[in-house]
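Reading through the structure tokens given below for one structure.
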Amino acid sequence: MNCSHCQIHERRLWTFQARLGFEEVEKGNWIFLKRCPQCDQLWCEVPHEPFASFSFWAAWPYSIKEWKRLSETEEALILHEWHTNVIREEFDSLPEKEKADIESWRDRTYREFNVIDRDPDFKYCNSSSDLEKHIENLCEQGS
């Protein structure tokens, strides 16, 4: 069943214009795990420049325990790369108003200083689906 609040089965990305009132669960290095107050779906938030004022929320497909372990690894680099890829993969499928807001944000960052336009230098996740192998590694380690 779809959540009428976070719309988890219809989307996996919310933009900085959303005011969803997610509840904070965990904090990492400029990355936060939040929960939908209606359905308990987990969402990963990262604030972006300028001034860390432009947050994006990506639906977190795993548990709090797995998020916490990854957030403690290399200053949460795996999580940041995954989150960046979710934005890059999903922003074009958002509603027109949100896409227009993203285009304005991209302009504001000179179409260079943002996760969509910046050339990626990924170490762990070249796509959001690469996260799965890191989760499998955690399971193999008995985490």
Worked check of side chain to side chain contact (heavy atoms under 4.5 Å, CB included) between Asp101 and Lys97: CA-CA 6 Å; Asp101 292 337; Lys97 169 69 171 108; 2.8 Å; yes

Quick one: does [X]'s side chain get under 4.5 Å of [Y]'s, heavy atoms only?
X: Trp105; Y: Pro50; value: yes
X: Ser55; Y: Trp14; value: no
X: Leu131; Y: Trp60; value: yes
X: Lys99; Y: Thr15; value: no
X: Asp130; Y: Trp82; value: no
X: His5; Y: Cys39; value: no
X: Cys36; Y: Leu20; value: no
X: Arg11; Y: Cys6; value: no

Working for side chain to side chain contact (heavy atoms under 4.5 Å, CB included), residues Phe16 and His48: CA-CA 9 Å; Phe16 44 85; His48 292 272; over 6 Å; no

To the nearest 0.5 angstrom, please state how far the [atom1] atom of [X] sits from the [atom2] atom of [Y].
X: Leu138; Y: Thr73; atom1: CG; atom2: OG1; result: 7.0 Å
X: Glu112; Y: Asp119; atom1: CD; atom2: CG; result: 9.0 Å
X: Cys125; Y: Glu132; atom1: SG; atom2: CD; result: 11.0 Å

Which heavy atom of [X] sits nearest a heavy atom of [Y], and at what distance?
X: Leu13; Y: Glu90; value: CD2-CB, 3.8 Å
X: Gln41; Y: Ala59; value: NE2-CB, 4.1 Å
X: Phe91; Y: Glu103; value: CE1-OE2, 4.1 Å

Centroid-centroid distance, Phe56 to His83, less than 6.0 Å: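 Distance test on ring centres: not under 6.0 Å, no.
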
Pair Lys133 + Glu136: basic N to acidic O under 4.0 Å: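 Looking at Lys133 and Glu136, the cut-off is not met.
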
Heavy-atom donor-acceptor pair, Glu66 side chain to Ser63 backbone, under 3.5 Å: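 Checked: pair present.
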
Any side-chain donor-acceptor pair under 3.5 Å between [X] and [Y]?
X: Arg12; Y: Ser128; result: yes
X: Ser4; Y: Gln38; result: yes
X: Glu49; Y: Asn114; result: no

Derivation and outcome, side-chain hydrogen bond (donor to acceptor under 3.5 Å, both in side chains), residues Glu81 and Thr84: CA-CA 5 Å; Glu81 289 183 0; Thr84 292; over 6 Å; no

ILVMFWY network linking Leu70 to Phe122, side-chain heavy atoms under 4.5 angstrom: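 No; tracing contacts between hydrophobic side chains, which count when under 4.5 Å, never links both residues.
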
Shared hydrophobic cluster, Phe32 / Ile8 (ILVMFWY, side-chain heavy atoms < 4.5 Å):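 No; tracing contacts between hydrophobic side chains, which count when under 4.5 Å, never links both residues.
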
Worked check of side chain to side chain contact (heavy atoms under 4.5 Å, CB included) between Arg111 and Asp117: CA-CA 6 Å; Arg111 295 204 171 250; Asp117 296 305; 3.9 Å; yes

Plane angle bin for Trp43 and Phe22 - parallel if under 30°, tilted between 30 and 60°, otherwise perpendicular: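 Rings of Phe22 and Trp43: parallel, under 30°.
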
Full working for side chain to side chain contact (heavy atoms under 4.5 Å, CB included) between Asn85 and Asn126: CA-CA 7 Å; Asn85 279 298; Asn126 290 309; 5.7 Å; no

Side chain to side chain donor-acceptor pair (under 3.5 Å) pairs, two or more places apart, involving residues 17-36: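 Counting only pairs at least two positions apart or across chains, the side chain to side chain donor-acceptor pair (under 3.5 Å) contacts touching residues 17-36 are Lys34-Glu45.
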
